[in-house]
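The structure presented is a predicted model; accordingly, all values stated were derived computationally and were not measured.
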Amino acid sequence: MKYYLIVGEASGDLHASHLMAALKEEDPQAEFRFFGGDLMAAVGGVMVKHYKELAYMGFVPVLLHLRTIFANMKRCKEDIVAWQPDVLILVDYPGFNLDIAKFVHANTRIPVFYYISPKIWAWKEYRIKNIKRDVDELFSILPFEVEFFEKKHHYPIHYVGNPTVDEVTAFLASGSETFDDFVRANGLSSKPIIALLAGSRKQEIKDNLPDMLRAAASFPDYQLVLAGAPGISPEYYKCYVGGADVKIIFNKTFSLLRQAEAALVTSGTATLEAALFRVPQAVCYHTPIGKVIAFLKRHILKVKYISLVNLIANREVVKELVADTMTVEQVRSELNRILYDKEYRCRMLEGYECMASRLGEAGAPGHAARKMVVLLRKLK
């Protein structure tokens, strides 16, 4: 069968590439065409556009590139119609993908599958109308989404497991690097490590990293190691590191988490990764207008938590220092508890086990691919 996939950022490229590989296992004659990235290209098929030509974040960048965004949407719609795939598979990136789904549903008979469902449970819940109308099958990687979509909105979905579980499981099985191996290979000292994961976007790094460094610098018995994000230059980090005693390591986030004693993490998939490596953490998310954002969080956001760890466990497993509570003093206090309060650490690690059990076993791409192929063969 012919599969057309659309992703809009690096994480989508990673998850879609694993899904494509799993689809080839189920359908050896599979043909792929996609708006995607290098990892998808490595699996095979035709890349129409690279996701880097699509990914504009924030109001001003989007406004400045409206002509390009609309041109990309037009090109995508025309290309789907011309190629006539057996299925359109959308991966996250709802701002672009839901518009494509609307067009395809209205103008073709191509089934629309959505892998990694839009996070409308957090905000923009009104999008459920578009999803019900335009998406034929929704594949979720977060277990709490089943209740949201099925019980609240009466829209059946498929929970297939979480691909981050697959990635961490595969990494842990791939080698047995020791702490001594890691510090020697990366020019580090023998002190235990506090890992800093300050986000993958420039604005996140700008807002979070300076205070994270100031708080962590209060623990001289530990060394600070910053996980460099893909696409962010060492020069950019230097603008915010200043004179802090910190080592920046690129392309080794999993290796770093495997050896860390504790972590300060900006919310996102990284919070889930730290939990799956069983690293006690504090979630740090600073915003320039903290009190305003705190008000919006209380009155507009539809969820109690912002970290995936707490959302999946449905309770506070890790402390979330967000907006007006993200201060050097509070981060320092939380890090002190994580490092030196054994009972507190144990409770957090027990919470990780609860979260992991809710996620289930590895195998998300395979589960999704098998379900997709079965559904598509029924349609033929």
Please tell me if the side chains of [X] and [Y] come closer than 4.5 Å, counting only heavy atoms from C-beta onward.
{"X": "Val283", "Y": "Leu321", "answer": "no"}
{"X": "Phe144", "Y": "Asn314", "answer": "no"}
{"X": "Glu261", "Y": "Lys191", "answer": "no"}
{"X": "Leu349", "Y": "Pro280", "answer": "yes"}
{"X": "Asp211", "Y": "Arg214", "answer": "yes"}
{"X": "Pro234", "Y": "Phe250", "answer": "yes"}
{"X": "Met372", "Y": "Val87", "answer": "no"}

CA sep, side-chain torsions, deciding dist, call: Tyr155, Ile131, side chain to side chain contact (heavy atoms under 4.5 Å, CB included): CA-CA 9 Å; Tyr155 179 71; Ile131 292 171; 3.7 Å; yes
Lys152 and Glu125: CA distance, side-chain angles, deciding distance, salt bridge (Lys or Arg N to Asp or Glu O under 4.0 Å) verdict: CA-CA 11 Å; Lys152 185 173 184 180; Glu125 190 169 350; 2.8 Å; yes
Would you kindly confirm whether [X] and [Y] end up in one hydrophobic cluster when ILVMFWY residues are joined by side chain heavy atoms under 4.5 Å apart?
{"X": "Leu339", "Y": "Met348", "answer": "no"}
{"X": "Met212", "Y": "Ile194", "answer": "yes"}
{"X": "Val317", "Y": "Leu308", "answer": "yes"}
{"X": "Met326", "Y": "Tyr285", "answer": "no"}
{"X": "Val46", "Y": "Phe35", "answer": "no"}

Worked check of side chain to side chain contact (heavy atoms under 4.5 Å, CB included) between Ile312 and Leu359: CA-CA 8 Å; Ile312 294 164; Leu359 281 176; 3.7 Å; yes
May I have all residue pairs that pass side chain to side chain donor-acceptor pair (under 3.5 Å) and include part of [range], sequence neighbours excluded?
{"range": "residues 28-37", "result": "Arg33-Asp79"}
{"range": "residues 229-255", "result": "Asn186-Lys252"}
{"range": "residues 158-171", "result": "His15-Glu167, Glu137-His158, Asn162-Thr164"}

Locate the shortest heavy-atom distance separating [X] from [Y]; write the atom from each residue and the value.
{"X": "Asp181", "Y": "Glu177", "value": "CB-CG, 3.6 Å"}
{"X": "Asp136", "Y": "Pro111", "value": "OD2-CA, 3.3 Å"}
{"X": "Ala215", "Y": "Arg332", "value": "CB-N, 3.8 Å"}
{"X": "Tyr115", "Y": "Ala368", "value": "CE1-CB, 3.7 Å"}
{"X": "Asp99", "Y": "Lys77", "value": "OD2-NZ, 2.9 Å"}
{"X": "Leu196", "Y": "Leu213", "value": "CD1-CD2, 3.5 Å"}

Full working for salt bridge (Lys or Arg N to Asp or Glu O under 4.0 Å) between Lys24 and Asp27: CA-CA 5 Å; Lys24 286 177 77 172; Asp27 179 7; over 6 Å; no
For Tyr340, side chain to side chain contact (heavy atoms under 4.5 Å, CB included) partners two or more places apart: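 So Tyr340 forms a side chain to side chain contact (heavy atoms under 4.5 Å, CB included) with Phe219, Asp221, Tyr222, Asn336.
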Any donor-acceptor N or O pair under 3.5 Å, side chains [X], [Y]:
{"X": "His50", "Y": "Asp38", "value": "yes"}
{"X": "Glu204", "Y": "Thr266", "value": "no"}
{"X": "Thr325", "Y": "Gln330", "value": "no"}

Ring-ring centroid check Phe277 Phe254, cutoff 6.0 Å: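 Yes, the ring centres sit under 6.0 Å apart.
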His153 and Phe148 aromatic ring geometry - parallel, tilted or perpendicular at 30°/60° bounds: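 Geometry flag for His153 against Phe148: perpendicular rings.
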cation_pi(Arg278, Tyr352) dist<6.0 Å, angle<=45: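 No, Arg278 and Tyr352 do not form such a contact.
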Co-members of the apolar cluster containing Phe179 [side chain, <4.5 Å]: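 Phe179 clusters with Phe182, Val183, Leu188, Ile193, Val225, Ile249, Leu256.
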Residue list, ring pair (Phe, Tyr, Trp, His ring centres under 6.0 Å) with Phe113, at least two apart or on another chain: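 Ring pair (Phe, Tyr, Trp, His ring centres under 6.0 Å) check on Phe113 returns Phe139.
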